[in-house]
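One structure is given below, encoded as structure tokens.
Hydrogens, waters and symmetry mates play no part in the numbers below; they use all other heavy atoms, side chains included. Below, chains carry the letters A, B, ... as their sequence lines are ordered, and counting in each starts from 1.
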Number of protein chains: 2
Amino acid sequence: MTKQVSRPRAGLSREKVLDAAAAFVDEHGLPALSMRKLGTALGVEAMTLYYYVPSKAALFDGLVERTVEAALDGLVDRPSADWRETAISFAHGYRARLLRHPGVLPLIATRPVNSPRGFDTAERALAAFEAAGLPAGRAMDLFNALGTFAIGHTLAEIGRPTGHEETAEPPAEIDAGTHPRLAALVASGEGLDFDARFTAVVGFIVEGFAPEV
Amino acid sequence: MTKQVSRPRAGLSREKVLDAAAAFVDEHGLPALSMRKLGTALGVEAMTLYYYVPSKAALFDGLVERTVEAALDGLVDRPSADWRETAISFAHGYRARLLRHPGVLPLIATRPVNSPRGFDTAERALAAFEAAGLPAGRAMDLFNALGTFAIGHTLAEIGRPTGHEETAEPPAEIDAGTHPRLAALVASGEGLDFDARFTAVVGFIVEGFAPEV
DNA sequence: AGTATGTCTCTTACGTTGTAAGAAAAGCAA
DNA sequence: TTGCTTTTCTTACAACGTAAGAGACATACT
């Protein structure tokens, strides 16, 4: 009498695997993600995932592509008549959506944008900027400047990503004697408003390009 | 007759271990770094490293601290009389030194600056900016804006970090039909000059803060 | 000289990881 | 039923981080 195993199918798909990976990474942090744990989270053995994804590296690639596309998608769909507004809302939208997936951000930050939908967004942004009179090269610079600033700023904003807390030293032992200005700022909270700073700097960048239109 | 092993000491130190780790990571990429391989690079067994470093995570922390300190050290030692010049040279110096350790950059990008010498640099920069008349909060914003932009921009500049080449799809298959502007820019190379863009945008950011002094 | 004491390095071992190879079950068609 | 395709699992292996402790080296003291 052999044991009769009931093994109904899990009904997975590449999309579901990537969804679960994104959720897992946002909750537990990148380093905690293993194929076995992701499998468990999906009610499946690790090797099953390889039916949907050729390797862990490819899973990461898919994760990045998905998240970046979701972050960029629709951002410049209806460009404003004012190119500045287009640029500013692009930057703010991009940052806001990146913040939704803090676990994936470190992955995004280390790979160039290389996906069709990313290209679409860039193309539309370039079209809007060029239509307003910005030379093509300047339009590209503006787009890239906003993108890279958004990434750098957002990385700082999320701080040490989930999953690194164990290693973290106490956040700061700033000596008011040797670092009076730093200590005062931390105490008062001044200069630590990420929203305000991002808004201001994006504005500065956009204004910097303005004389060229 | 027991085998007589000659085991002269390797003469290691925490510094040498971190040096070797930085060199290894710059050459082979972060993911390639294992304790065993780093040991081999130093002519030593993996476990020997644990005499100098309590864990791999701590090794990473040390690597980041070292590299960031090296990147920041001396950058604002002799602030110019012109605060703009101070800000601009800080940004350029920071970027230039970050570019020297592309392998460590992804690690840096995901952790907050939390080291004494980093604080020193911040304190000096704040002093210079405040002396010029910038309100404390704005001085902090300027410093952080330049730092985060430098990180984001440099990440984009090094592209996919060493050790990820295998996974890389061909860099870009941009269709001139659907993405004419993008294709034209890539073809002409316009808007792809990292030096020029960084210089320009840093200038815009600094000028943006100027009205507040 | 020997011996004791610390400093440094190695050996062994365990649990976890990514994944190659292929068996086996589930679903569907004939 | 038989067969075929799609999906899942089992088994296995090399490489990883590192705990525990043994052993070799260096130095100081008798």
Is B/R36 salt-bridged to B/E45, cutoff N-O under 4.0 Å? no

Grab the CG-P distance between B/L49 and D/dC16 for me, whole Å please. 13 Å

Would you call A/D195-A/R95 a salt bridge at under 4.0 Å N-O? yes

Would A/E15 and A/R66 count as a salt bridge (Lys or Arg N to Asp or Glu O under 4.0 Å) here? Give the steps. CA-CA 9 Å; A/E15 287 307 295; A/R66 253 176 81 76; 2.7 Å; yes

Nucleotide nearest B/K56 (side chain, heavy atoms from C-beta), chosen from D/dT6, C/dT7, D/dC16: D/dC16

Are A/T48 and D/dC9 close enough that a side-chain N or O sits under 4.0 Å from OP1 or OP2? yes

Please find out if less than 6.0 Å separates the ring center of A/F198 from that of A/H92. yes

What parts of residues 34-47 of chain B reach DNA chain C, counting only heavy atoms under 4.0 Å away? B/V44, B/E45, B/M47

Between B/R197 (side chain) and A/A145 (backbone), is there a donor-acceptor pair under 3.5 Å? no

Is there a side-chain contact between A/L72 and A/F90 (heavy atoms, below 4.5 Å)? yes

Heavy-atom check, side chain of B/L42 versus side chain of B/L12, under 4.5 Å: yes

Round to a whole Å and report the spacing from OH of B/Y51 to C1' of D/dG23. 15 Å

Would you kindly give the CZ-to-P distance between B/R9 and C/dC10, to the nearest whole Å? 11 Å

Can you measure B/L59 atom CG to D/dC16 atom C1' for me and round it to whole angstrom units? 15 Å

Could A/E190 and B/R138 be called an ion pair, given the rule that one side-chain N must be under 4.0 Å from one carboxylate O? no

Any residue meeting ring pair (Phe, Tyr, Trp, His ring centres under 6.0 Å) with B/F209, in chain and number order, not counting sequence neighbours: A/F204

Among C/dT9, D/dG17, C/dT19, which is the nearest nucleotide to the side chain of B/Y50? D/dG17

Quick one: A/R14 CZ to D/dT8 P, roughly how many Å, whole number? 16 Å

Symbol by symbol from the 5' end, with Watson-Crick or G-U pairs under 3.5 Å, [ ] crossing and | another strand, DNA chain C is ||||||||||||||||||||||||||||..

